[in-house]
Amino acid sequence: MSFEVRVNDQDFDAEPRPGQCLRTYLRDRGWFGVKKGCDAGDCGACTVQVDGKPVHSCIYPAVCAEGRSVTTVEGLAKDGELHPMQQKFLDAQGFQCGFCTAGFLMTTSALDEEQLTDLPRSLKGNLCRCTGYRAIEDAIRGVRHTEQPRAGQAVGRSLGAPAGPQVVTGTARYTFDIEVEGLLHMKLLRSPHPHARIISIDTSAALRAPGVHAVFTHHDAPDRLYSSARHEHPTEDPDDTRVLDDVVRFVGQRVAAVVADSEGLPRRAAAGSPSSTRNSRTWSTRSWRCCPVHQ
């Protein structure tokens, strides 16, 4: 069965990967206005419209978009003219860093008159960490804060941010939107024990995984100690931490680091099913043994 989806008036037939969400499907095809935020459907930075309805694309299975029409922030403008809501966000400067703006635009451009009367409820699926929401509400209500620039009269005037047009059209690029050639990804394996001594770590299985370049453990870490507290005076904090240590002192402490070609590869290489032994625990794919330390 063929897969077809229409994105911003363009047809795509590439099959989604098993379990792929709509956000990564869209970003893989160059729609970087769909932001990667929480991965849990909480922040709304990845909001798109599916058949005109806003959805969080990070929790929307890509296969569910089959036969549907998807609109991202890049598709709001028509015939070279900004969508009215995009223009309102420009006029009110309803953004600061702009990372969440695309998601807000995809939600607010679909609100009806009744939803506009209760913005706290209507916008509960979109979070902004910068503006305090006042500028966003002003934008939705059509309040204008910017002035037209005039030669020799810019000082003291309310001019729009130079990057504003890129922010509201989804063409502004953030760190995660930039593809770096040869970029590798690292994932950390963390301790499930509150206090334990690592007896051995077998990295052979992880190193055999396709795309894995390296696995670092305490054997690779320098013996130099440092403090992670970093108060005003260095002498206030003891140098008692290694980058990777053979003793773990809290749940979540770093145990090993896996470096691979893509983000998913090191996660899979570092994952495994635990099997208990009498005084130790062994993880199948990276096979690290530790003895709990009792005080």
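Since the structure is predicted, the reported quantities are computational estimates derived from the model, not experimental observations. These values consider heavy atoms only, across backbone and side chains, with no hydrogens, waters or symmetry-generated copies.
- Put simply, CZ on Arg6 and CZ on Phe12 are 10.0 Å apart, with the number rounded to the nearest 0.5 Å.
- Using modelled atom types, one side-chain atom of Asp112 and one backbone atom of Gln115 make a donor-acceptor pair closer than 3.5 Å.
- With a 6.0 Å radius and a threshold of 12 heavy atoms from other residues, nucleotides or ligands, Glu236 has its CD atom above the threshold.
- Looking at residues two or more places apart in sequence or on another chain, you find a side-chain hydrogen bond (donor to acceptor under 3.5 Å, both in side chains) between Asp177 and Arg27, Lys35.
- No continuous path of ILVMFWY side-chain contacts below 4.5 Å connects Tyr25 to Val63, so the two sit in separate hydrophobic clusters.
- In this structure, Leu244 and Asp220 have side chains that are not in contact, with every pair of non-hydrogen atoms separated by 4.5 Å or more.
- Using a distance-only test at 3.5 Å, with no hydrogens or angles considered, no donor-acceptor pair links the side chain of Tyr133 to the main chain of Pro120.
- Side chain of Arg242 to main chain of Pro222: a donor-acceptor pair is present (N/O by atom type, distance under 3.5 Å, no hydrogens or angles).
- Under the side-chain contact (heavy atoms from CB on, under 4.5 Å) rule, Tyr60 has a single partner from Val50, Val48, Thr47, Val70, which is Val50.
- To the nearest 0.5 Å, atom SG of residue Cys46 and atom NZ of residue Lys36 are 10.0 Å apart.
- Transitive grouping of hydrophobic side chains (ILVMFWY, heavy atoms separated by less than 4.5 Å) brings Tyr174 and Leu127 into a common cluster.
- Checked by atom type and distance alone, the side chain of Glu74 pairs as donor or acceptor with a backbone atom of Phe32 at under 3.5 Å.
- In this structure, His219 contributes its side chain and Ile201 its backbone to no donor-acceptor pair below 3.5 Å.
- Taking CG of Asp240 as the start and OG of Ser227 as the end, the distance is 6.0 Å to the nearest 0.5 Å.
- A heavy-atom distance below 4.5 Å is not found between the side chains of Gln96 and Cys128.
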Derivation of the side chain to side chain contact (heavy atoms under 4.5 Å, CB included) call for Thr101 and Ile136: CA-CA 9 Å; Thr101 304; Ile136 293 174; over 6 Å; no
As a quick check of understanding, evaluate side chain to side chain contact (heavy atoms under 4.5 Å, CB included) for Thr217 and Val255, giving each step before the final call. CA-CA 6 Å; Thr217 71; Val255 172; over 6 Å; no
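- Here the CD atom belonging to Gln253 is positioned 12.0 Å from the NE2 atom belonging to His193, to the nearest 0.5 angstrom.
- Looking at Asn126, its side chain does come within 3.5 Å of a backbone N or O of Gly44 through a donor-acceptor pair.
- Between Asp237 and His231, the side chains place a donor N or O and an acceptor N or O closer than 3.5 Å (distance only, hydrogens not considered).
- Note on Phe3: it clusters hydrophobically with Val7, by side-chain heavy-atom contacts below 4.5 Å among ILVMFWY residues.
- Residues Met106 and Thr71 are in side-chain contact: their nearest non-hydrogen atoms beyond the backbone lie under 4.5 Å apart.
- Between Pro192 and Val251, the shortest heavy-atom contact is O-CG2, 3.6 Å.
- In terms of heavy-atom proximity, Cys43 sits nearest to Cys38 at N-SG, 3.3 Å.
- Counting heavy atoms from C-beta on, the side chains of Val167 and Phe89 never come closer than 4.5 Å.
- No more than 12 heavy atoms of other residues, nucleotides or ligands sit less than 6.0 Å from atom NZ of Lys53.
- Looking at Gln93 and Ser158, their side chains never bring a donor and an acceptor atom within 3.5 Å of each other.
- Contact annotation: the side chain of Leu111 approaches that of Leu119 to within less than 4.5 Å [non-hydrogen atoms, C-beta and beyond].
- Judged by distance alone, the side chain of Asp202 and the main-chain N or O of Ser204 form a donor-acceptor pair under 3.5 Å.
- In terms of heavy atoms, Pro165 sits closest to Thr169 at O-OG1, 2.7 Å.
- Closest approach of Val243 to Tyr226, counting heavy atoms only: N-CE2, 3.8 Å.
- When side chains are defined from C-beta on, Gln86 counts as touching Val73, because their heavy atoms get closer than 4.5 Å.
- Between the side chain of Arg173 and the backbone N or O of Ile178, no donor-acceptor pair lies under 3.5 Å.
- Looking at Met85 and Leu76, their side chains never come closer than 4.5 Å, going by heavy atoms from C-beta outward.
- For the pair Phe176 and Phe99, the minimum side-chain heavy-atom distance is 4.5 Å or more.
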Pair Val247-Ile198, side chain to side chain contact (heavy atoms under 4.5 Å, CB included): steps then yes or no: CA-CA 6 Å; Val247 175; Ile198 300 175; over 6 Å; no
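- Arg190 places a side-chain N or O within 3.5 Å of a backbone atom of Gly252 that can act as its donor or acceptor partner.
- Of all non-hydrogen atoms in Ala40 and Cys58, the two that sit nearest each other are N-SG, 3.8 Å.
- Atom OG1 in Thr24 sits 8.5 Å away from atom CZ in Arg29 (nearest 0.5 Å).
- Minimum heavy-atom separation, Gly41 to His56: O-ND1, 2.8 Å.
- Taking NZ of Lys88 as the start and CG of Leu82 as the end, the distance is 13.5 Å to the nearest 0.5 Å.
- A donor-acceptor pair is defined here as one N or O able to donate and one able to accept, closer than 3.5 Å; no such pair exists between the side chain of Thr107 and the backbone of Phe104.
- The environment of CZ in Arg144 is crowded: more than 12 heavy-atom neighbours from other residues, nucleotides or ligands sit within 6.0 Å.
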